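Have a look at the structure below before the remarks.
Keep in mind the model is a prediction, meaning the values are calculated, not measured.
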Amino acid sequence: MAVPAVQARRIGAYIIRNLLGRQLRFPLVLMLEPLFQCNFRCKGCGKVAHPPEVLNRMLTVQQCLDAAEECGAPVVSIPGGEPLLHPDIPEVVRGLVAQGRFVYLCTNAQLVEQRIHEFNPSPFLTFNVHLDGLREQHDESVSHPGAFDKAVAAIRLLRTRGFRVTTNSTFFDGHSPHDAARLFDFLSTLDVEGLTISPGFSYEAAPVQDRFLGRERTRQLFREIFRLGKGRGWRFNHSSLYLDFLAGNREYGCTPWGNPTYNIFGWQRPCYLLDDGYAESFRELMEETEWERYGSGRDPRCADCMVHCGYEPSAVLDTVRHPLRGLAVALRGPGGR
C-alpha cells in the first residue's frame with residue numbers, strides 16, 4: 001500500500017491506544033467540509049444541491065481547528081464542495097498540520113496553479129486530486145470540458161514543487177475494468193503516491209440517478225480491475241483488506257463513526273453520505289446517535305454502499321487486530337484467492 005511508514009506507525013499507535021483503553025467507538029479520519037460550494041456540477045454528487053444561501057456559507061479557520069481538536073482523529077480529509085474556493089483554506093491546512101494531523105486536501109485541481117504558492121510542502125499535507133477516468137470520461141463525468149488536462153497539469157506542478165499527491169476516483173455504471181486499468185496505468189506515470197478508489201454512493205440529490213452500481217456489480221467490477229492489475233505496480237491508498245472487501249472476498253459491517261463529518265451545520269448524523277440531522281458537539285454525535293440503525297441490512301439507504309468512508313475503518317481495525325490476515329492479502333494482492 002502507499003501510506004508512508006511514519007503515517008502508518010502513528011495511526012497504528014493511535015488505534016492500539018484506543019483498543020487497549022477499551023474504547024468501543026473512536027474516529028480515524030475527520031471529514032471536514034469547510035464549504036459546499038463548488039466550481040463543478042458532477043453528475044453523481046449530491047453535495048451541491050443546496051440553495052445559494054447555504055452554498056455561500058463557510059466554516060471559519062477557528063471552527064475547523066476546534067473541530068479537529070474536539071474530534072481528535074489523527075487524519076483530516078477536507079472535501080467539499082471545492083476547498084480551494086475557501087479563501088482561508090491555506091490557514092486551515094497550516095493550523096491542522098501544526099496540530100500534528102495528516103491532512104488530505106481533496107480537490108478537482110482547477111485552482112491549484114492559482115493557489116499553490118499559498119501552501120508549503122509537508123509530510124503532513126497531501127493533495128488528493130479527483131479524476132474519474134481518462135480525458136473524455138472524466139470531463140463527461142464532471143460536466144466540465146478541459147477538466148482532465150488541467151488536473152493532470154496540476155498534479156505535475158504539485159510533484160515538481162515537492163508536494164505529496166494522491167488521486168481519488170469514483171466508479172459508476174459505464175466504467176469498465178479496462179477503463180480503470182488504463183486510468184491507473186496513466187496515473188502511475190505521474191509519480192502519485194497512491195490511488196484512492198470507491199464505488200459511487202446513490203445520493204438522493206444527485207443530478208443523475210441511473211449511474212450507481214449495486215453491491216454485486218461493484219464486486220464484479222473491482223474483482224476484474226484487480227485481476228487486470230496483477231503485475232502492473234499500482235499503489236492504492238487503502239488497506240489491503242478494504243480492497244479485498246470491494247472484490248467481495250470478505251464481509252464487513254459499516255463503521256460510520258470511524259470517519260465523522262463536520263460542516264457548516266455541525267456534526268452530521270450518521271456519516272458523510274447520509275444526512276439525518278446534526279449534533280452540536282462531537283460527544284453528542286458519538287453518545288446520542290443511534291448507530292445500530294445504520295448499515296447494510298438495517299437502513300435501506302445503506303443496502304448498496306461499499307464506500308471507503310464507512311468500510312475502510314472496518315478494514316483498518318481488522319488489520320490491526322489480525323495483522324497476518326492483512327499481510328496475506330497484501331502478498332497475494334486484492335481480489336485474488
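Atom CD of E118 has more than 12 heavy atoms from other residues, nucleotides or ligands within 6.0 Å. More than 12 non-hydrogen atoms from other residues, nucleotides or ligands lie less than 6.0 angstrom from CD of E53. The 12-atom threshold is exceeded at CD of E292, counting heavy atoms of other residues, nucleotides or ligands nearer than 6.0 Å.
Between the side chains of Q7 and R164, at least one donor-acceptor pair of N or O atoms lies under 3.5 Å. A donor-acceptor contact under 3.5 angstrom links the side chains of S314 and T255, judged on distance only. In the model, T166 has no side-chain atom that pairs as donor or acceptor with a side-chain atom of N237 under 3.5 Å.
Atom CG of residue L55 and atom CD of residue Q37 lie 6.5 Å apart, to the nearest 0.5 angstrom. The CZ atom of R293 lies 5.5 Å from the CG atom of D276; values are rounded to the nearest 0.5 Å. Atom CD1 of I78 is separated from atom CG of L32 by 5.5 Å, given to the nearest 0.5 angstrom. Expressed to the nearest 0.5 Å, how far CG of D179 lies from CG of L134 amounts to 7.5 Å. A distance of 6.5 Å separates OG1 of T170 from NE2 of H308, quoted to the nearest 0.5 Å. The NE2 atom of H178 sits 14.5 Å away from the CG atom of L183 when rounded to the nearest 0.5 Å.
Side-chain contact between S77 and C106 is present, with heavy atoms from C-beta onward closer than 4.5 Å. For the pair N263 and T261, the minimum side-chain heavy-atom distance is below 4.5 Å. Taking the side chain as every heavy atom from C-beta outward, V103 and T126 never approach each other to under 4.5 Å. Inter-residue side-chain proximity for S141 and F148 is flagged as unmet; no heavy-atom pair is nearer than 4.5 Å. Inter-residue side-chain proximity for I264 and M58 is flagged as unmet; no heavy-atom pair is nearer than 4.5 Å. Between R10 and F102, the closest side-chain pair of non-hydrogen atoms falls below 4.5 Å. Side chains of V142 and N108 form no contact here, defined as non-hydrogen atoms less than 4.5 Å apart. The shortest side-chain heavy-atom distance between C71 and Y262 does not fall under the 4.5 Å cut-off.
Considering only residues two or more places apart in sequence or on other chains, E284 meets the salt bridge (charged side-chain N to carboxylate O under 4.0 Å, His left out) condition with R269. Under the side-chain contact (heavy atoms from CB on, under 4.5 Å) criterion, D185 pairs with R232, W234, sequence neighbours left out. Residues passing the ring-ring contact (aromatic ring centres under 6.0 Å, His included) test with Y294, sequence neighbours excluded: none. For R219, the salt bridge (charged side-chain N to carboxylate O under 4.0 Å, His left out) partners two or more places apart in sequence, or in a different chain, are E216, E251. Applying the salt bridge (charged side-chain N to carboxylate O under 4.0 Å, His left out) rule to E69 yields the partners R101; only residues at least two apart in sequence or on another chain are considered. I197 meets the side-chain contact (heavy atoms from CB on, under 4.5 Å) test with F171, F184, F222, F226, F236, H238, L243, L246; sequence neighbours excluded. Under the rule for a ring-ring contact (aromatic ring centres under 6.0 Å, His included), the partners of H138 that lie at least two apart in sequence or sit in another chain are H130. Partners of R9 by side-chain hydrogen bond (donor to acceptor under 3.5 Å, both in side chains), not counting sequence neighbours: none found. In this view, Y252 and F245 satisfy the ring-ring contact (aromatic ring centres under 6.0 Å, His included) rule, not counting sequence neighbours. Listed by chain and number, the residues in a salt bridge (charged side-chain N to carboxylate O under 4.0 Å, His left out) with R298 amount to none (sequence neighbours excluded).
R159 places a side-chain N or O within donor-acceptor distance of the main-chain N or O of F163, the cut-off being under 3.5 Å. Remark: side-chain polar atoms of E113 are not paired, donor with acceptor, to backbone N or O of A154 under 3.5 angstrom. Between the side chain of R115 and the backbone N or O of L84 there is at least one donor-acceptor pair closer than 3.5 Å. Looking only at distances, a side-chain donor or acceptor of S169 sits under 3.5 Å from a matching main-chain atom of L131. Side chain of H175 to main chain of D132: a donor-acceptor pair is present (N/O by atom type, distance under 3.5 Å, no hydrogens or angles). Listed for the E288 side chain is no donor-acceptor partner under 3.5 Å among the backbone atoms of L285.
Follow the hydrophobic side-chain contacts under 4.5 Å out from V129 and you reach F186 in the same cluster. There is no path of hydrophobic side-chain contacts, each under 4.5 Å, that joins L317 to L327. Hydrophobic clustering (ILVMFWY, side-chain heavy atoms < 4.5 Å, transitive): V29 and V6 are in distinct clusters. Hydrophobic clustering (side-chain heavy atoms under 4.5 Å, transitive across Ile, Leu, Val, Met, Phe, Trp, Tyr) groups I116 together with L105. Cluster membership for L273 and V54, using ILVMFWY side-chain heavy atoms within less than 4.5 angstrom, is shared.
Centroid-to-centroid, the aromatic rings of Y278 and W267 stay 6.0 Å apart or farther.
Looking at every heavy atom in both residues, P177 comes nearest to I225 through CA-CG1, 3.8 Å. Here the closest non-hydrogen pair linking Y272 and G80 is OH-O, 3.9 Å.
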Item to check | Pair D304-R215, salt bridge (charged side-chain N to carboxylate O under 4.0 Å, His left out): steps then yes or no | outcome: CA-CA 5 Å; D304 290 321; R215 184 164 280 228; 5.4 Å; no

Checklist entry - Are F124 and Y104 close enough, and set up right, to give a ring-ring contact (aromatic ring centres under 6.0 Å, His included), and what steps lead you there? => result CA-CA 8 Å; F124 290 87; Y104 284 80; over 10 Å; no

Show the atom names and distances, to 0.1 Å, of all donor-acceptor pairs under 3.5 Å that link a side chain in residues 18-28 to residues at least two apart or in another chain.
from, atom 1, to, atom 2, distance (Å)
N18, ND2, Y14, O, 2.9

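A salt bridge links D244 with R250: at least one charged nitrogen is closer than 4.0 Å to a carboxylate oxygen.
For residues 252-265, the set of pairs meeting the salt bridge (charged side-chain N to carboxylate O under 4.0 Å, His left out) definition, not counting sequence neighbours, is empty.
A perpendicular orientation is assigned to the rings of W291 and W257, their planes being inclined by more than 60° (bins at 30° and 60°).
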